[in-house]
Amino acid sequence: MSEAAATPESAPPVDLGSLTLLALQSFLKGLGEKPFRAQQVYRWLHQRGATSFEEMTDLSKDLRARLSSAAVIRKVEKDLEQRSVDGTIKYRWRTHDGKLIESVYMPSTDRKTLCVSTQVGCAMGCTFCATGTLGLKRNLTPSEIVAQVHAVNREVRKNEGLEQLRPLTNLVFMGMGEPLHNFENLKVALEILKSGDGPNFSHRHITVSTVGLVPMIERFGAETDVKLAISLNATTDEQRSRVMPVNRKWNIAALMDACRKFPLRQGRRITFEYVMLSGVNDTDADAERLAGLLEGVPAKVNLIPYNENAGLGFKTVVERRAEEFRELLAARNVAAFIRQNRGRDIAAACGQLANVEAQPGEGAAPTPAV
Ligand code: SAH
Ligand code: SF4
């Protein structure tokens, strides 16, 4: 039995894939290894997406044994895969402790985008969103966030017969969960995903969407350089508070103030997502108010026809209404786009990620965190 074998008193194994390169260096230093070993291990984990120590063939057997007694590589196991007629693939993953999370692969002619989850469920309780009905089960660790990307890279390589280690080109943090409610782990995951010794995504190709946690928007702007999307979804506080409980804490004025202060790089805009709910937020007056709210903010609006979820009581808009709404915005010089619905036939579209089987001891109703 190895020296470091788990005993009730011993520390839990280190989750290796959640360590930044710097943290990995100090971990390996603790094992008596030189800093260059950290880069070697980090590359195995995050450039090649290794899921076992055996794969790390240029490490000595002895080091691999010591690593496997002190640390673990947490991967996600494929639980379900659903393919849409439009090429979208929804993956459901099982975490090491049996939680189910989802990622959605959306290929198009010029990019291969992955929609990534950051939490198991969500605490924000938006009344139109399927994930919101789950409540928050737990945060995902950095390694679980990153593992979704590694796993889908592997799938795309296999399915599309590609050699390149990282066929994915873009990441959007718009899956299950509220990314800024899990900011520390998100930040580590972003550092890894952007690392030149890892998947090497450009900050220009990563977008994080938030429900509007105002104080976290400021931190996000100060501590990261990736793109920001805001789920606005309404034009009056009365309306927004009704569908998004977060608005009772940080209202539209506070949110727009945070947006105006957000440090934008040259030429960059904030994306505002606007889920169109028939009879709720789709009037001409809404379009007028929306244009007014965005005055002075470098913005682009994504109009998202609502993807209906049974039992939540909202209706989507007809295509013509979305187009009229877009034209009203355009007439006020607001760049607006109707977001093409992807994966609707497999419930992989926005706000439909809740395909989670009952998990033992987790029947609790969602509790809005705000
Ligand atoms: N929690 C973050 C990111 C995940 S939700 C956020 O709320 O921004 C991603 C986007 O899907 C949000 O803009 C949300 O408003 C939208 N959405 C949620 N449910 C939806 C549904 N049923 N149909 C269309 N869009 C939905
Ligand atoms: Fe959570 Fe976003 Fe869904 Fe709101 S829309 S419940 S914040 S995942």
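Remember, it's 1-based here, ligands and their atoms both numbered in the order they're listed.
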Hey, which atoms in ligand 1 end up nearer than 4.0 Å to a heavy atom of Thr210? 6 (C), 8 (O)
Backbone, side chain, both or neither: what part of Asn233 comes under 4.0 angstrom of ligand 1, heavy atoms only? side chain
The answer for which part of Glu178 has a heavy atom under 4.0 Å from ligand 1 is both
For His46 and Tyr42, take the angle between the two ring planes, folded into 0 to 90°, and tell me which bin it lands in: parallel under 30, tilted 30 to 60, perpendicular over 60. perpendicular
Run down the list Ser231, Gly177, Ser209, Cys129 and name the one with the heavy atom closest to atom 1 (N) of ligand 1. Gly177
Atoms of ligand 2 less than 4.0 Å from Val211 heavy atoms? 7 (S)
Have a look at ligand 1 and work out which part of Val275, if any, has a heavy atom under 4.0 Å from it: side chain, backbone, both or neither. side chain
Sub-4.0 Å atoms of ligand 2 with respect to non-hydrogen atoms of Gly132: 6 (S)
Structural part of Asn309 in contact with ligand 1, heavy atom criterion under 4.0 angstrom: side chain
Is Cys126 close enough that one of its N/O/S atoms sits under 2.8 Å from atom 4 (Fe) of ligand 2? yes
Please name the pair of heavy atoms, one in Leu180 and one in Leu186, separated by the smallest distance, quoted to 0.1 Å. CD2-CD2, 4.1 Å
For Asn281 and Asp286, which heavy atoms make the closest approach, and how far apart are they? C-OD2, 3.0 Å
Considering only distance and modelled atom types, tabulate donor-acceptor pairs under 3.5 Å from the side chains of residues 255-264, sequence neighbours left out.
unit_1: Asp257; atom_1: OD2; unit_2: Lys261; atom_2: NZ; d: 2.9

I want to check something: taking the side chain as every heavy atom from C-beta on, are Asn182 and Ile145 in contact at a cut-off of under 4.5 Å? yes
Purely on distance, is any nitrogen or oxygen of Arg339 under 3.5 Å from one on ligand 1? no
Identify whether NZ of Lys or CZ of Arg in Lys300 sits under 6.0 Å from the centre of the six-membered ring of Phe337 and within 45° of that ring's axis. yes
Any heavy atom of Gly177 closer to ligand 2 than 4.0 angstrom? yes
Indicate if the distance from atom 3 (Fe) of ligand 2 to the nearest N, O or S atom of Cys129 falls below 2.8 Å. yes
For Cys122, counting its heavy atoms only, list the atoms of ligand 2 lying under 4.0 Å from any of them. 1 (Fe), 6 (S), 7 (S), 8 (S)
Sort out for me which residue in Val280, Asp282, Val275, Ile304 forms a side-chain contact (heavy atoms from CB on, under 4.5 Å) with Val317. Asp282
Any heavy atom of Phe314 under 4.0 Å from ligand 1? The part involved is neither
Selection from Ser117, Gly175, Ala130, Pro179 by shortest heavy-atom distance to atom 4 (C) of ligand 1: Gly175
With under 30° as parallel and over 60° as perpendicular, where do the rings of Phe314 and Phe128 fit, or are they tilted in between? perpendicular
Using every non-hydrogen atom in the two residues, find where Glu54 and Arg64 come nearest and quote the distance to one decimal. O-NH1, 3.3 Å
Please identify which atoms of ligand 1 are closer than 4.0 Å to at least one heavy atom of Ile304. 24 (C), 25 (N)
Shortest non-hydrogen contact from Cys126 to Met244? SG-CG, 4.1 Å
